[in-house]
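What follows is a single structure, written as structure tokens, with notes after it.
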Amino acid sequence: MTLSLTVLGTASPHPAPGRPRSGYLLRGEGAEVWVDAGAGTFAELQRHTDPARLSAIWISHLHADHSADLLSAVYAFAYGGMTPPAPVPVYAPRGCAERLAGFFGRPGTAFLDGVLDFRALHDGHVARHGGLRISARAVRHDTETYGLRAECAGRVLAYSGDSGPCAALTGLARDADLFLCEADIDTHREGEQVHLTPEDAGNAAREAGARSLLVTHVGPTLTPEAATARAAAAFGGPTATAQEGHIVAV
């Protein structure tokens, strides 16, 4: 499998039995990247790989439902016998290391340097691990947030992160083989739109010319099945529900 996605968690806004919060394992030509670290996903990650062998960790934004299990990784790497051979690169918005240090009551972040190597994301950020190229695009949310585009051996996966409707999503998912997209809310309310409805997800996939759509991060006012059906109607192409434990070839 040249490029694959393993679904670790999809829940929003809290974990449920058998359904951790947001997290995925991205694999491509020997590289393994943990994408988002929602609560419960570190345990699920261990079903599929040795976390100490990760090529990188990529965090879309610092809301807890996408980043809280970085704390579990620190405990595992620093104290739990899973110490990586070299500090694992962590691509995340600025302030990630400081937030983690706060849980330990430490005045600084130097104690993390032995296990994690923090690298600040920005719009247009590009990182390469082996034959896997991952780039970041700033999207619309109520905090600094990035969508991800992964390219490997001619295959392309795009991931929305958390986002409201915005032009950046179209560029992010342009001609992607798979667009992993949130569909968190049933309908828009007054004020800034910081999440997508299923129709928004489907429309973004259609406008981008994505070949297939995988619906994730469905909020409590919807069921995953209903959200997927609505997104499929708007998209008009192959559409599926992200489910924990599934491995999707891109």
Side-chain angles (χ1 to χ4, degrees), residues 2-5 7 10 12 22-28 31 33-36 38 56-63 65-67 91-93 119-129 132-185 192-218 227-228 231-232 234-240 242 248 250:
T2 301
L3 182 62
S4 71
L5 179 80
V7 180
T10 66
S12 172
S22 293
Y24 312 90
L25 174 61
L26 182 63
R27 285 182 163 129
V33 180
W34 181 17
V35 176
D36 277 346
I57 300 170
W58 195 95
I59 303 296
S60 64
H61 65 294
L62 299 186
H63 283 165
D65 59 332
H66 292 255
S67 65
Y91 303 103
R119 306 179 186 187
L121 286 175
H122 58 80
D123 190 31
H125 184 283
V126 175
R128 290 178 174 84
H129 292 275
L132 179 65
R133 179 184 189 272
I134 51 177
S135 54
R137 187 73 185 270
V139 294
R140 178 192 292 176
H141 199 41
D142 54 1
T143 190
E144 182 183 359
T145 305
Y146 299 93
L148 174 147
R149 184 177 174 94
E151 300 169 75
C152 185
R155 308 298 288 177
V156 178
L157 175 142
Y159 168 49
S160 65
D162 278 8
S163 180
C166 61
L169 284 177
T170 305
L172 184 76
R174 178 69 64 196
D175 297 326
D177 296 287
L178 178 67
F179 184 25
L180 175 66
C181 189
E182 73 132 83
D184 189 77
I185 58 173
E192 185 179 8
Q193 307 305 323
V194 297
H195 283 291
L196 302 173
T197 66
E199 288 76 17
D200 292 329
N203 289 336
R206 187 187 70 252
E207 291 167 7
R211 293 174 178 83
S212 61
L213 174 63
L214 189 62
V215 174
T216 191
H217 199 284
V218 176
T228 300
F235 175 37
T239 307
V248 182
V250 178

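The structure displayed is predicted, hence computed values, not measured ones.
Checked against Cys181 for a side-chain contact (heavy atoms from CB on, under 4.5 Å), the options Leu196, Thr239, Leu214, Val215 give a single hit: Leu196.
The OG atom of Ser135 sits 9.0 Å away from atom CZ of Arg128, with the distance rounded to the nearest 0.5 Å. Here the CG-CG distance, from Leu180 to Asp36, works out to 9.5 Å after rounding to the nearest 0.5 Å. From Ser67, atom OG reaches atom CD1 of Ile57 across 11.5 Å, with rounding to the nearest 0.5 Å. The distance from the NE2 atom of His129 to the SG atom of Cys152 is 12.5 Å, given to the nearest 0.5 Å. Distance check: Asp184 CG to Thr216 OG1 gives 10.0 Å after rounding to the nearest 0.5 Å. In this structure, Ile134 CD1 and Leu157 CG are separated by 11.0 Å, a value rounded to the nearest 0.5 Å.
The shortest side-chain heavy-atom distance between Leu132 and Val33 falls under the 4.5 Å cut-off. Contact check for Val35 versus Leu148: side-chain heavy atoms found under the 4.5 Å cut-off.
Applying the salt bridge (charged side-chain N to carboxylate O under 4.0 Å, His left out) test to residues at least two apart or on different chains, the pairs with a partner in residues 145-172 are Arg133-Glu151, Arg149-Glu151, Arg155-Asp177. Screening residues 143-185 for ring pair (Phe, Tyr, Trp, His ring centres under 6.0 Å), with sequence neighbours left out, gives Tyr24-Tyr159. The stretch residues 198-207 participates, sequence neighbours left out, in these side-chain hydrogen bond (donor to acceptor under 3.5 Å, both in side chains) pairs: His188-Asp200, Thr197-Asp200, Glu199-Arg230, Asn203-Arg206.
Across Val250 and Val156, no two heavy atoms sit closer than the pair CG1-O, 3.5 Å. The nearest pair of heavy atoms linking Thr10 to Ala242 is CG2-O, 3.7 Å. Across all non-hydrogen atoms, the minimal contact from Ala173 to Ala158 is CA-CB, 3.7 Å. Taking each heavy atom of Arg211 and Asp175 in turn, the nearest pair found is NH1-O, 2.6 Å. Taking all atoms of both residues into account, the shortest heavy-atom contact from Leu3 to Ala150 is CD2-O, 4.1 Å. For the pair Ala210 and Phe235, the tightest heavy-atom approach, listed with the atom from each and the gap, is O-CZ, 3.3 Å.
Under the salt bridge (charged side-chain N to carboxylate O under 4.0 Å, His left out) criterion, Arg119 pairs with Asp117, sequence neighbours left out. Annotation: ring pair (Phe, Tyr, Trp, His ring centres under 6.0 Å) contacts of Trp58 (sequence neighbours excluded): none. With sequence neighbours left out, the side chain to side chain donor-acceptor pair (under 3.5 Å) criterion links His195 to Glu182.
His141 and His63 have perpendicular rings, their planes meeting at more than 60° on a 0 to 90° scale where under 30° would count as parallel.
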Audit row: Arg137, His125, side-chain contact (heavy atoms from CB on, under 4.5 Å) steps and yes/no: CA-CA 8 Å; Arg137 187 73 185 270; His125 184 283; over 6 Å; no
Working for ring pair (Phe, Tyr, Trp, His ring centres under 6.0 Å), residues Tyr91 and His122: CA-CA 10 Å; Tyr91 303 103; His122 58 80; over 10 Å; no
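Of the possible donor and acceptor atoms, none in the side chain of Asp65 sits under 3.5 Å from a partner among the backbone N and O of Gly38. For Thr145 (side chain) and Thr143 (main-chain N/O), a donor-acceptor pair under 3.5 Å exists by modelled atom type. The backbone N or O of His217 sits nowhere less than 3.5 Å from a side-chain atom of Ser12 that would complete a donor-acceptor pair.
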